[in-house]
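Quick notes on the structure that follows.
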Amino acid sequence: MLSDRFGRTIDYLRISVTDRCDLRCSYCIPKGFKGFEEPENWLTFDEISRVVAAFARLGTRRFRLTGGEPLLRRNLPALAASLSALPGVEDLSLSTNATQLSQHAQALRDAGVRRINVSLDSLRGECVTSITGSDSLGKVLSGLATASRIGFDAIKINMVPMQGINDGDIEAMVAFCIEHGFILRLIEAMPMGSTGQHTVGLNLQTLLGQLQPRFGLLPSTASLGGGPARYWRTPDGKFTLGLITPISQHFCATCNRVRLSVDGTLYMCLGQEERFELRPLLRAGCSDAELEAAIRAAIELKPEKHEFLEKPARVVRFMSMTGG
Ligand code: SAM
């Protein structure tokens with residue numbers, strides 16, 4: 001097992017297969033942004049597979065494909081199929097904005113993707129258009145319907161509530177999730193890059209105080225993927241709410257993850273700069289043992305915690321660059 005200087009076990013790798021996205025969410029990639037990674041610097045599928053295989057040999061069991069928008073990377077199901085066939089890869093999941101999910105959901109399921117998270121900040125078309133810069137709600141709903149029909153293990157909706165923008169949409173989202181059997185996860189906006197730093201998110205502790213009596217929510221011990229969300233459920237078990245609170249109650253003491261970006265950089269923390277570049281090693285023909293040693297050395301760099309509250313201007317990367 002990989003463990004860091006603070007005794008945390010690192011058993012989860014998020015893999016960004018592209019830093020590009022077809023949406024421009026107001027808290028993520030700025031409109032007009034041009035600084036995307038050049039294709040020659042993207043890890044190839046073989047290089048990603050080598051890194052995943054090395055993590056798996058070191059005890060990592062759970063992997064998530066993300067981005068940018070991962071479905072923009074051509075032939076993603078082929079990558080998913082080779083990753084899920086690797087010894088030790090027990091759980092392969094995907095985060096997507098779902099604009100292209102209807103076309104790819106079946107191929108992804110066949111390729112071994114079991115769980116899907118979909119970002120959706122509102123059920124009002126005009127609100128989605130204003131947040132994402134694209135009239136995308138119809139495509140997202142159709143992607144969700146296809147994924148539901150195919151039957152992924154758990155479909156989670158990720159929503160970033162923002163003051164005065166979509167905070168009035170939370171109850172409608174709860175009702176939608178109850179109707180379709182989706183798990184709703186609310187995420188506090190993080191000050192990542194200029195976009196994140198200008199976003200006014202909601203304090204989810206305060207929101208919980210309002211939702212708890214309204215829906216009779218009870219704390220749930222479910223780990224549901226082993227991430228940082230803390231879960232609540234309705235007494236009838238028909239609805240599960242997850243809260244991800246990097247700002248109001250951070251969870252760094254139990255952080256179990258690192259992130260591989262499209263250019264082969266391992267980022268140790270969303271909110272800090274510690275990183276380790278694997279691409280030069282991979283392209284210099286390193287051995288498996290050298291790759292494993294590099295991963296162990298990288299994990300040594302993992303910082304104790306992020307400092308989103310203390311130093312909100314610190315992180316200049318947008319979430320899409322690290323692989324959110
Ligand atoms: N495109 C995929 C998607 O939409 O899920 C994966 C990448 S996206 C960057 C992953 C998640 O990061 C989304 O749920 C998005 O809402 C979230 N995100 C992006 N920027 C954020 C920020 N500044 N604060 C909090 N969440 C953010």
Side-chain angles (χ1 to χ4, degrees), residues 14-31 33 36 63-73 76 93-101 104 108 113 115-122 127-128 131-134 136-137 139-140 143-144 147 152 155-163 165-166 169 173 182-204 225 227-229 242-248 250-251 257 259-262 267 269-271 306 308-309 312-324:
R14 295 176 72 100
I15 306 153
S16 174
V17 294
T18 179
D19 57 348
R20 291 163 201 244
C21 190
D22 51 335
L23 303 182
R24 290 289 177 272
C25 295
S26 56
Y27 45 78
C28 195
I29 305 178
K31 291 194 178 70
F33 180 71
F36 295 107
F63 299 85
R64 175 173 293 273
L65 299 167
T66 181
E69 173 44 44
L71 295 181
L72 294 189
R73 182 85 186 244
L76 189 71
S93 57
L94 172 82
S95 286
T96 175
N97 62 29
T99 58
Q100 301 188 30
L101 188 56
H104 300 294
L108 288 164
V113 174
R115 300 186 295 114
I116 288 198
N117 290 1
V118 170
S119 299
L120 182 59
D121 291 328
S122 173
C127 182
V128 169
I131 294 172
T132 66
S134 163
S136 52
L137 180 62
K139 285 185 274 186
V140 176
L144 273 168
F152 285 86
I155 297 180
K156 294 178 186 153
I157 305 287
N158 284 340
M159 174 180 188
V160 179
M162 290 167 281
Q163 253 176 46
I165 296 182
N166 63 344
D169 297 348
M173 195 64 90
F182 300 146
I183 293 165
L184 175 61
R185 299 187 333 153
L186 303 177
I187 305 174
E188 284 175 349
M190 287 170 256
M192 298 190 65
S194 52
T195 43
Q197 282 153 17
H198 289 116
T199 301
V200 184
L202 287 198
N203 178 320
L204 296 182
L243 299 184
I244 301 181
T245 55
I247 310 296
S248 65
H250 75 72
F251 33 76
R257 61 200 51 207
R259 294 172 163 85
L260 179 68
S261 70
V262 67
Y267 284 97
C269 171
L270 271 184
H306 65 64
F308 285 135
L309 263 185
R314 183 183 192 114
V315 179
V316 294
R317 304 184 306 273
F318 312 116
M319 178 76 92
S320 58
M321 293 169 155
T322 315

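Fair warning: this is a prediction, and the values are worked out from it, not measured in the lab. Numbering of ligands and ligand atoms starts at 1, following listing order.
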### Message
Is there a side-chain hydrogen bond (donor to acceptor under 3.5 Å, both in side chains) between S95 and R64? Walk through the geometry before answering.
### Response
CA-CA 7 Å; S95 286; R64 175 173 293 273; 3.2 Å; yes
### Summary
In ligand 1, the atoms that come under 4.0 Å of a heavy atom of C28 are 19 (C), 20 (N)
### Query
Looking only at heavy atoms, which two atoms of L270 and M319 are closest? And how far apart?
CD2-SD, 3.7 Å
#### Entry: Distance from atom 25 (C) of ligand 1 to nearest protein heavy atom, with residue and atom
M190 N, 3.5 Å
### Query
For the side chain of S320 and the backbone of G68, is there at least one donor-acceptor N/O pair under 3.5 Å apart?
no
### Task
Provide, to 0.1 Å, the distance between atom 27 (C) of ligand 1 and the closest protein heavy atom, together with that atom's residue and name.
M319 CE, 3.4 Å
#### Entry: Selected option - heavy-atom contact closest to atom 7 (C) of ligand 1, from C21, G68, S95
G68
### Task
Provide, to 0.1 Å, the distance between atom 16 (O) of ligand 1 and the closest protein heavy atom, together with that atom's residue and name.
Y27 OH, 3.1 Å
### Query
Could any protein non-hydrogen atom be found less than 4.0 Å from atom 1 (N) of ligand 1?
yes
### Query
Which atoms of ligand 1 sit under 4.0 Å from any heavy atom of T66?
6 (C), 7 (C)
### Message
Between T245 and I247 (side chain of the first, backbone of the second, donor and acceptor by atom type, cut-off under 3.5 Å), is there such a pair?
### Response
no
### Query
Tell me, which protein residue and heavy-atom name are nearest atom 3 (C) of ligand 1, and how many Å apart are they?
S119 OG, 3.2 Å
### Message
Taking a cutoff of less than 4.0 Å between a non-hydrogen atom of the residue and any ligand atom, is E188 in contact with ligand 1?
### Response
yes
### Task
Look only at the side chain of N97 and the backbone of V140, and say whether a donor-acceptor pair between them is shorter than 3.5 Å.
no
### Donor-acceptor contact below 3.5 Å, side chain H306 vs main chain P246
yes
### Task
May I ask you to list the atoms of ligand 1 that are less than 4.0 angstrom from any heavy atom of N158?
14 (O)
### Task
Could you tell me whether E69 and ligand 1 have an N or O pair separated by under 3.5 Å?
yes
#### Entry: F36 and F33 aromatic ring geometry - parallel, tilted or perpendicular at 30°/60° bounds
perpendicular
### Task
Could you verify whether a donor N or O on one side chain and an acceptor N or O on the other, from T96 and E69, lie under 3.5 Å apart?
yes
### Task
Would you check if the side chain of R185 reaches a backbone N or O of I157 as a donor-acceptor pair within less than 3.5 Å?
no
### Task
Using a strict cut-off of 4.0 Å, indicate which atoms of ligand 1 neighbour a heavy atom of A189.
24 (N), 25 (C)
### Query
What part of T96, side chain from CB on, backbone N/CA/C/O, both or neither, has a heavy atom under 4.0 Å from ligand 1?
backbone
### Task
Distance to 0.1 Å, residue and atom name: give those for the protein heavy atom nearest to atom 10 (C) of ligand 1.
G324 C, 3.9 Å
### Query
Checking side-chain contact (heavy atoms from CB on, under 4.5 Å) against V17, which of V262, L72, L76, L71 comes through?
L76
### Query
Any idea which atoms of ligand 1 are less than 4.0 Å away from a heavy-atom of V160?
16 (O), 26 (N)
